[in-house]
Amino acid sequence: MTKALALPVAAYWKVGKRLLALLLAGVGLYVVWPSLVQIFSAWPSLISLEPWWLLAMVACEALSFALLWILLEIALQTDRTWLVATTQLASNAFGRVMPGGGAAASAVQYRLLVRGGLDGPTVASGLTATQLLSVAVIAAMPLLSLPAIVGGAAVDRRLLQTAVVGVVAFALILAGTAVLLASDRSLAAVARAAQWLRNQILRRREPLRVLPERIVTQRDTMLRTLGRRWGLALTTASGRSLLDFLALLCALSAVGTSPRPGLVVLAYVAASLLGMVPITPGGLGFVEAGLSSTLVLAGVGAADAVLATLAYRLASYWLPLIAGGVAYGGYRVGLDPKAPA
Amino acid sequence: MNIGLALLVVAAGAILTWAVTVDVAGVDLHTVGVILFVVGLAWLLLALVLVFSHESWGLRRGRQP
């Protein structure tokens, strides 16, 4: 009797959570709708942009994705490029259409990789390491604007705040990662807290008991792997963000403006941080509104900023969305039919 | 075909294209930057193709993933 009553409660809870996420996404989209309309109304002007710069922008984005696949291969300790690439593209696209953003995409990526035959704990620690490294690189990017700021460029106060937030986030990530890498006790304590939380939320599932030990073992394995290939891991993580940033510079050049990279990097970091806010799928609307307004603060004309934002988001948001659908088909084709569903 | 070197060429090209405003007699730094940028991207593409094809070659020869 209790079980019969408990099941619908769990189902209601699940539906409730999804409805709440949808509601949040709806409210978020409502708030940024005017900016989104303004950005998309510039659509017909895309045809007037410099085609070679647009091509360079798409090339930068494509190469940025390829570098991410190498980083993932290092962190996941595999060389199954097809599996890594298709799951990354498919989960990335999923995270851009479903509320929940990066968290939803990571959950899907984990499931697809494990279904593809990779070891669960290795995938969990590998994806975490990749995300930490990627976020740390983006947070460190405001340091690139230091030459411009020291050189006496007039920098808007709000852009300076973005730089400070980025550098503080970078320092916190660096300190937190250093503690977790060096101290078994700290890592085990974090894993114990995660285990307790998971067991409290999913009471009807088999409780986890050895998560701290498994996480510490996985961290050691990952450190051994990254230890041998840390140079390539750091190169690919930095190269990936560099190419994404260069895609934005190409978009600005395609519009015909002469961007100041030292200041545009702050606009890029602000847009990247906004993209991580899981209110609307993939930060849709928030990134467009944030990027175009921060580009204006960086000295780009308002109309040019809108057009460049539209072109950049075309390559960084909409094209990967289409590629994700195709990649999911490729993933299904490449999947071993004997693998458990 | 080092990925890091290719990225350095891309970065150098980007700096000359967008960040340098100095005029040097007889040299168009902007054009040099664009050329370096394009060469760097092509080099990176080639390096990535080699990395990925080397991996699949290793798999074809029976190396464990």
Side-chain angles (χ1 to χ4, degrees), chain A residues 52-53 55-60 62-71 73-74 76-85 116-119 144-145 147-148 151 153 231-243 245-250 252-253 257-265, chain B:
Chain A
W52 291 111
W53 280 120
L55 194 66
M57 178 184 72
V58 175
C60 283
L63 290 169
S64 163
F65 272 93
L67 285 179
L68 175 60
W69 300 334
I70 294 185
L71 177 60
E73 283 186 9
I74 296 169
L76 298 173
Q77 300 153 39
T78 181
D79 53 7
R80 293 174 62 187
T81 306
W82 182 258
L83 178 70
V84 168
L118 296 191
D119 172 52
L144 292 177
S145 65
L232 186 57
L234 198 62
T235 304
T236 48
S238 337
R240 180 204 165 201
S241 295
L242 172 74
L243 286 172
F245 168 59
L246 292 180
L248 177 60
L249 288 179
C250 288
L252 285 163
S253 286
T257 59
S258 304
R260 298 176 67 187
L263 300 184
V264 174
V265 74
Chain B
M1 299 302 275
N2 195 305
I3 290 175
L5 277 179
L7 281 169
L8 270 181
V9 175
V10 171
I15 288 168
L16 286 179
T17 306
W18 287 296
V20 174
T21 50
V22 181
D23 284 326
V24 178
V27 183
D28 186 346
L29 286 179
H30 180 262
T31 307
V32 173
V34 171
I35 290 169
L36 277 179
F37 185 58
V38 172
V39 168
L41 287 182
W43 183 353
L44 184 59
L45 176 68
L46 201 57
L48 288 170
V49 167
L50 283 176
V51 167
F52 290 134
S53 62
H54 177 71
E55 284 174 356
S56 60
W57 176 245
L59 279 179
R60 278 200 297 273
R61 293 182 68 185
R63 185 154 51 87
Q64 286 300 309

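Sequence lines set the chain letters: A, B, ... in the order given, protein chains first and strands last, and positions in each chain run from 1. Note that these values count all heavy atoms, side chains included, but never hydrogens, waters or copies made by symmetry.
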Residue pair A:Ala59 / B:Leu41: nearest heavy atoms and the distance that separates them: CB-CD1, 4.5 Å
Part of A:Leu243 lying under 4.5 Å from any heavy atom of chain B: side chain
B:Trp18 side chain reached by A:Leu252 side chain, heavy atoms, under 4.5 Å: no
Nearest non-hydrogen partners of A:Gly239 and B:Leu7, listed with the distance: CA-CD1, 3.6 Å
Indicate every side-chain donor-acceptor pair of residues 62-71 of chain A with a distance under 3.5 Å to a residue at least two apart or in another chain.
| from | atom 1 | to | atom 2 | distance (Å) |
| --- | --- | --- | --- | --- |
| A:Ser64 | OG | A:Arg240 | O | 3.1 |
| A:Trp69 | NE1 | A:Gln88 | OE1 | 2.9 |

Nearest non-hydrogen partners of A:Leu242 and B:Ala11, listed with the distance: CD2-CB, 4.3 Å
Part of A:Leu232 lying under 4.5 Å from any heavy atom of chain B: side chain
Atom group of B:Leu48 that falls short of 4.5 Å from chain A, counting heavy atoms: side chain
Interchain contact, B:Val34 with chain A, by part (heavy-atom threshold 4.5 Å): side chain
Rounded distance (nearest 0.5 Å) linking atom CZ of B:Phe37 with atom OG of A:Ser253: 8.5 Å
CH2 (A:Trp82) with more than 12 external heavy atoms under 6.0 Å: no
Region of A:Trp52 that comes under 4.5 Å of a non-hydrogen atom in chain B: neither
Atom group of A:Leu249 that falls short of 4.5 Å from chain B, counting heavy atoms: both
